[in-house]
There are 2 protein chains.
Amino acid sequence: MQDILFDFISKYISLTEDEKNAILSLDLFRSVKKGVTLLKEGQKSQDCYFVLKGCIRKYYIIDGEEKTTAFYTEMEALTPHCVINKAPSEYFISCVEDSILAVSNSDMEVEINSKFPKFEIMCRILSEELLAKQQINFDEFKTSSPEQRYQNLLENRPDLIQRVPQQQIASYLGIKPQSLSRLRARILEKKS
Amino acid sequence: MQDILFDFISKYISLTEDEKNAILSLDLFRSVKKGVTLLKEGQKSQDCYFVLKGCIRKYYIIDGEEKTTAFYTEMEALTPHCVINKAPSEYFISCVEDSILAVSNSDMEVEINSKFPKFEIMCRILSEELLAKQQINFDEFKTSSPEQRYQNLLENRPDLIQRVPQQQIASYLGIKPQSLSRLRARILEKKS
DNA sequence: CGTATTTCTTAACTTAAGTGAACGAGTTAA
DNA sequence: TTAACTCGTTCACTTAAGTTAAGAAATACG
């Protein structure tokens with residue numbers, strides 16, 4: 001399981017055995033059951049998440065309704081906004097499947113960063129990379145219809161549609177579950 | 001005009017007179033007329049833009065239709081995706097108003113970064129900050145209707161609605177110009 | 001194993017956005 | 001000054017998503 005984390009890190013920087021051991025000694029790994037809420041609206045938290053196995057999601061509750069805006073699966077990292085701006089969180093984070101996560105908090109990161117300056121370089125590259133990805137994603141979302149978004153999802157993250165309940169997929173696409181059902185039926189009809 | 005740039009930078013790092021002069025000697029400032037296209041789909045470019053005065057926009061052409069996905073106004077910076085991944089651009093960038101921009105290319109940045117390591121720190125903070133903003137923006141877009149998006153825009157960037165043609169605003173909100181007209185009429189009716 | 005509960009689908013109806021066309025106001029150019 | 005063009009609005013019509021409700025399918029749990 002640790003290998004997944006080190007594989008990920010090695011895409012950005014190379015680690016010595018000493019450095020690997022220092023990371024392992026932080027005891028980052030957490031096993032989390034499906035349905036568990038990791039962060040609630042209004043909470044202040046310092047925890048960042050890296051998904052080793054499973055899936056977590058970010059959602060808002062607006063007028064009593066859950067609005068899912070992101071899923072994070074294997075090899076994806078989530079730094080909640082409340083960690084950055086030190087304000088109460090505007091959203092929830094919860095576990096879609098039984099998952100294994102690497103959970104780090106600010107203190108640990110300060111410690112690691114001061115011991116291994118390499119780490120800061122990785123963070124910079126990572127956040128630049130994420131920013132670029134995020135922008136393309138946003139543009140794609142803006143320039144397409146719900147139906148196109150669903151087709152895109154089918155192409156780019158087909159696993160999600162299997163792993164995640166439809167209602168969460170629907171809200172991720174910006175529509176209601178009933179509309180997703182209908183839209184799926186429409187697509188099937190077109191194919192035949 | 002330089003003051004705007006230095007004001008911006010001073011939010012992140014402090015510069016000595018020498019450093020300021022080094023930046024000025026790069027001769028970054030460009031005056032660009034309304035309507036000029038700075039980047040075209042398919043082009044490879046190394047140029048990044050910082051708006052000192054005016055407004056530029058990013059848009060795609062999809063099925064012959066312009067789809068505007070972002071506006072950049074005073075004190076906002078745009079690093080095109082093609083600069084990061086060194087691939088041809090998927091979108092256009094053009095000038096909405098007569099504008100004054102600071103235009104930097106990769107070579108200059110390498111030069112500045114090597115002379116003043118401070119600069120790299122600024123870039124890291126900036127991209128982290130942008131990433132956070134971008135995520136909140138994306139979430140807001142996803143969780144709201146065209147009408148709510150328009151109301152949001154009225155609150156958060158009222159100037160844009162004055163400065164930018166309706167059709168570009170409409171496409172930025174993810175709808176057609178006719179729908180924006182209708183939506184505006186609907187809102188006026190509600191108020192009365 | 002069967003019951004309860006949640007999740008997904010279907011349907012009928014409402015509302016809002018897309019489409020195509022026409023119109024008037026404002027701008028540009030001959 | 002007039003003709004051509006652009007831009008925003010309006011209208012009638014179509015299409016897709018929201019809403020409410022009911023029923024089927026899948027899942028969880030005692």
Side-chain angles (χ1 to χ4, degrees), chain A residues 33-37 55 57 59-68 71 94-98 141-154 160-192, chain B residues 33-37 55 57 59-68 71 94-98 141-154 160-192:
Chain A
K33 283 276 166 200
K34 175 175 173 176
V36 170
T37 302
C55 179
R57 66 187 251 263
Y59 63 99
Y60 293 74
I61 293 189
I62 297 174
D63 299 330
E65 244 185 321
E66 281 188 14
K67 304 257 189 179
T68 299
F71 295 103
S94 83
C95 218
V96 173
E97 303 173 332
D98 291 354
F141 190 92
K142 270 194 179 174
T143 58
S144 57
S145 66
E147 189 170 327
Q148 289 172 312
R149 280 175 219 150
Y150 179 73
Q151 303 268 27
N152 275 346
L153 200 64
L154 267 178
L160 266 192
I161 290 163
Q162 302 307 318
R163 305 166 76 165
V164 173
Q166 299 278 336
Q167 24 171 338
Q168 289 171 23
I169 298 279
S171 126
Y172 181 66
L173 297 172
I175 57 176
K176 304 281 155 182
Q178 297 92 318
S179 299
L180 177 55
S181 270
R182 185 166 36 194
L183 180 158
R184 279 154 59 94
R186 206 162 59 219
I187 290 172
L188 278 176
E189 220 176 299
K190 278 185 198 163
K191 277 190 190 163
S192 63
Chain B
K33 282 276 165 199
K34 174 176 173 175
V36 170
T37 301
C55 178
R57 66 187 251 262
Y59 63 99
Y60 294 74
I61 293 187
I62 297 174
D63 299 329
E65 244 185 321
E66 282 189 13
K67 305 256 189 179
T68 299
F71 296 103
S94 84
C95 219
V96 173
E97 303 173 331
D98 291 354
F141 190 93
K142 271 195 179 172
T143 58
S144 58
S145 66
E147 190 171 326
Q148 288 172 314
R149 279 175 219 150
Y150 179 73
Q151 302 268 27
N152 275 345
L153 199 64
L154 267 178
L160 266 193
I161 291 163
Q162 302 305 320
R163 305 166 77 166
V164 173
Q166 299 279 335
Q167 25 171 338
Q168 289 171 24
I169 297 280
S171 126
Y172 180 66
L173 297 172
I175 58 177
K176 304 282 154 180
Q178 295 95 317
S179 299
L180 177 55
S181 269
R182 185 166 37 194
L183 180 158
R184 279 154 59 94
R186 206 161 59 218
I187 290 173
L188 279 176
E189 220 176 298
K190 279 185 199 164
K191 277 191 188 160
S192 63

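As the structure is a computational prediction, the values presented were derived from the model and not from experiment. Per chain, numbering begins at 1; letters A, B, ... match sequence-line order.
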Send over the distance from [X] [atom1] to [N] [atom2], rounded to a whole Å.
{"X": "B:Q148", "N": "C:dA17", "atom1": "CD", "atom2": "C1'", "result": "15 Å"}
{"X": "A:I175", "N": "C:dT9", "atom1": "CD1", "atom2": "P", "result": "12 Å"}
{"X": "A:E97", "N": "D:dA28", "atom1": "CD", "atom2": "C1'", "result": "17 Å"}
{"X": "A:K176", "N": "C:dT15", "atom1": "NZ", "atom2": "C1'", "result": "13 Å"}
{"X": "A:L180", "N": "C:dT7", "atom1": "CG", "atom2": "P", "result": "15 Å"}
{"X": "B:D63", "N": "C:dT19", "atom1": "CG", "atom2": "P", "result": "10 Å"}
{"X": "A:Y150", "N": "D:dA16", "atom1": "OH", "atom2": "P", "result": "17 Å"}
{"X": "A:L173", "N": "D:dG18", "atom1": "CG", "atom2": "C1'", "result": "16 Å"}

Item to complete: Taking only Lys NZ, Arg NE, NH1 and NH2, and the carboxylate oxygens of Asp or Glu, determine whether B:D98 and B:K34 approach each other closer than 4.0 Å.
Response: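 Judged by the 4.0 Å cut-off on N to carboxylate O distance, B:D98 and B:K34 do not form a salt bridge.
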
Nearest to the [X] side chain among [options], which nucleotide is it?
{"X": "A:S179", "options": "D:dC7, C:dC8, D:dA17", "answer": "D:dA17"}
{"X": "B:R184", "options": "C:dA17, C:dT10, D:dT9", "answer": "D:dT9"}
{"X": "A:Q167", "options": "C:dC8, C:dG18, D:dA28", "answer": "C:dC8"}
{"X": "B:S181", "options": "C:dA17, C:dT7, D:dT10", "answer": "D:dT10"}

Worksheet entry | Helix axis bend for the helix from C:dC1-D:dG30 to C:dA30-D:dT1 - C1'-based end axes, five pairs, 10° rounding |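 About 40° separates the two local helix axes.
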
Taking the side chain from [X] and the backbone from [Y], do they hold a donor-acceptor pair closer than 3.5 Å?
{"X": "A:S94", "Y": "A:G35", "value": "no"}
{"X": "B:R163", "Y": "B:E97", "value": "no"}
{"X": "B:Q148", "Y": "B:S145", "value": "yes"}

Item to complete: State whether B:R186 places a side-chain N or O below 4.0 Å from either non-bridging phosphate oxygen (OP1 or OP2) of C:dA17.
Response: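 Yes, within the criterion.
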
Under 4.0 Å, heavy atoms only, any strand: does [X] hit a base, just the sugar-phosphate, or nothing?
{"X": "B:P177", "answer": "nothing"}
{"X": "A:Q178", "answer": "base"}
{"X": "A:R182", "answer": "base"}

Worksheet item: Run the side chain to side chain donor-acceptor pair (under 3.5 Å) check on B:Y172 and B:R57 step by step: do they pass?
Response: CA-CA 10 Å; B:Y172 180 66; B:R57 66 187 251 262; over 6 Å; no

Discussion item. Does the Lys NZ or Arg CZ of A:R184 fall within the cation-pi geometry relative to A:Y150 - under 6.0 Å from the ring centre and within 45° of the axis?
Written reply: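 No, A:R184 and A:Y150 do not form such a contact.
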
Worksheet item: How many angstroms lie between CZ in B:R186 and CD in B:E147, if you round to the nearest 0.5 Å?
Response: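 Between atom CZ of B:R186 and atom CD of B:E147 there are 4.5 Å.
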
